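Working notes, structure below.
What's counted below: heavy atoms across the whole structure, side chains too, no hydrogens, waters or symmetry copies. Predicted, not measured: the structure shown is a model, and the values here were computed from it.
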Amino acid sequence: MITSLELIAWTGNAAEFPANTIPAVHSALQLGAEAVALEMQLSADAVAMATGLPHVEHAGKREVPVHSLAASELCAIEAADRSRFGDRHTGTCIATLAGCAMELLEGRAPRARLLVHLSPASIAQFGVDPVLESVLVAVAPLEERCTVVCDNLQVADRARARGAASIGWLPRSFDTHTQIKCEAVCPDYLFVDDALLQDVARLWRGPWRWAALGITAANRLDDLAARGVHSVCTPLVRGMHRELMMWRARLAAARESARPG
């Protein structure tokens, strides 16, 4: 059984701030997240942007593809998520991935990790190597603390070949053939949605770290640890950090009481 679950802030503290923004990253780190996972899209001038939005509003037009705009144009576009927050985050704009990386570098979490989920849409538009190049340039100051996460295992393997310090993969099935492919590439992280995880009889054993996506309830922690999950991915950073601290304290107390004499 795992005795210490890592807290990964998925898209930052997205419960309280617009996802993938610098304020969301800053808040997640302040609240004690050990890692921050961000989505990305590539701009028209091949700059990695911290956003999961494939389309934005620009110059009065709706549904403008992110890849059709330069980074300077995207950085001027508000990302306040008014549908959730109203006017609370007015002025919060789309940031570059490099800007978010600097937040980790300059923040008060010297060991916090950055995980970057590569956009399949950007890969389809620009190709694997241009996307990897842009991301690796953006996170260069955090090189040893950055994990490149991909939906495609071959892309993840390519990221390692291009110099990524660590790689992550999101498997969509758990059959024997997929397991063999995973063992051949041996990613550092394996991500699985909690809804899918509950249907998986047994997680593959290996040197990788399992990370459960979409965890929102504290009552899942014992089961996750018992099944060999190492990391909890959630946008609910404040509440989950509190629950994890209590969970860790409870396990420590149980171990102490079990000591002989």
Side-chain angles (χ1 to χ4, degrees), residues 2 4-21 24-25 27-29 31-41 50-54 81 84 97 100 112-121 123 135 146-153 155-156 159 166-175 178-179 181-182 185 187-206 208-244 247:
I2 303 299
S4 182
L5 288 166
E6 175 190 40
L7 175 57
I8 299 177
W10 195 260
T11 68
N13 179 16
E16 300 178 38
F17 294 87
N20 297 298
T21 61
V25 173
S27 177
L29 296 174
L31 290 172
E34 288 123 325
V36 176
L38 296 176
E39 298 167 308
M40 61 75 58
Q41 301 281 346
T51 180
L53 299 172
D81 199 350
R84 286 201 298 150
L97 183 60
C100 291
R113 296 187 56 78
L114 175 63
L115 296 88
V116 181
H117 183 204
L118 298 189
S119 162
I123 291 173
V135 167
C146 183
T147 299
V148 175
V149 182
C150 313
D151 292 1
N152 184 298
L153 187 57
V155 174
S166 68
I167 58 173
W169 179 42
L170 291 84
R172 302 302 184 188
S173 62
F174 289 85
D175 54 56
T178 306
Q179 180 179 355
K181 291 195 298 182
C182 180
V185 175
D188 301 279
Y189 277 90
L190 288 173
F191 293 84
V192 58
D193 188 89
D194 190 41
L196 178 59
L197 176 62
Q198 296 181 56
D199 293 330
V200 177
R202 184 177 65 86
L203 294 176
W204 306 324
R205 299 293 180 89
W208 42 74
R209 296 175 63 86
W210 282 100
L213 294 164
I215 303 300
T216 58
N219 62 7
R220 294 285 293 119
L221 299 181
D222 283 332
D223 179 59
L224 293 173
R227 299 195 63 185
V229 170
H230 301 83
S231 304
V232 173
C233 303
T234 181
L236 306 177
V237 180
R238 186 182 300 275
M240 193 56 66
H241 180 262
R242 181 174 59 248
E243 296 293 344
L244 278 170
W247 179 80

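The nearest pair of heavy atoms linking L196 to P171 is CD2-O, 4.4 Å. When every heavy atom of S231 is checked against every heavy atom of V229, the shortest pair comes out as O-CG1, 3.3 Å. In this structure, A33 and A112 approach most closely via the heavy-atom pair O-CB, 4.4 Å. Across H230 and W208, no two heavy atoms sit closer than the pair CE1-O, 3.7 Å. Across every non-hydrogen atom of G168 and A156, the tightest pair is O-CB, 4.0 Å. Of all non-hydrogen atoms in A24 and P18, the two that sit nearest each other are CB-O, 3.3 Å.
Contact of the R172 side chain with the T178 side chain is not registered, since no non-hydrogen atoms from C-beta on lie closer than 4.5 Å. In this structure the side chain of E243 never reaches within 4.5 angstrom of the side chain of R220, judged on heavy atoms.
How far CG of L31 is from CG of L236: 11.5 Å, rounded to the nearest 0.5 Å. To the nearest 0.5 Å, atom CH2 of residue W169 and atom SG of residue C182 are 5.5 Å apart. For the atom pair R202 CZ and Q179 CD, the distance stands at 6.5 Å (nearest 0.5 Å). The CG atom of N20 sits 11.0 Å away from atom CE of M40, with the distance rounded to the nearest 0.5 Å. A distance of 9.0 Å separates CG of L190 from CG of L203, quoted to the nearest 0.5 Å. To the nearest 0.5 angstrom, H241 atom NE2 is 6.5 Å from E34 atom CD.
T234 places a side-chain N or O within 3.5 Å of a backbone atom of I215 that can act as its donor or acceptor partner. Judged by distance alone, the side chain of D188 and the main-chain N or O of I167 form a donor-acceptor pair under 3.5 Å. Judged by distance alone, the side chain of W210 and the main-chain N or O of W204 form a donor-acceptor pair under 3.5 Å. When atom types are taken as modelled, the side chain of E39 and the backbone of H117 share no donor-acceptor pair closer than 3.5 angstrom. Without hydrogens or angle criteria, R227 side chain to L197 main chain gives a donor-acceptor distance under 3.5 Å.
For R209, there are no side-chain hydrogen bond (donor to acceptor under 3.5 Å, both in side chains) partners two or more places apart in sequence or in a different chain.
Each of L38, V148, V149 was compared with L115 under the side-chain contact (heavy atoms from CB on, under 4.5 Å) criterion, and only V149 meets it.
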Test V232 against W247 for side chain to side chain contact (heavy atoms under 4.5 Å, CB included), laying out the working first. CA-CA 13 Å; V232 173; W247 179 80; over 6 Å; no
Just do the side chain to side chain contact (heavy atoms under 4.5 Å, CB included) check on T216 and D194 with the steps written out, would you? CA-CA 10 Å; T216 58; D194 190 41; over 6 Å; no
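The closest side-chain donor-acceptor pair between T51 and Q41, if any, does not fall under 3.5 angstrom.
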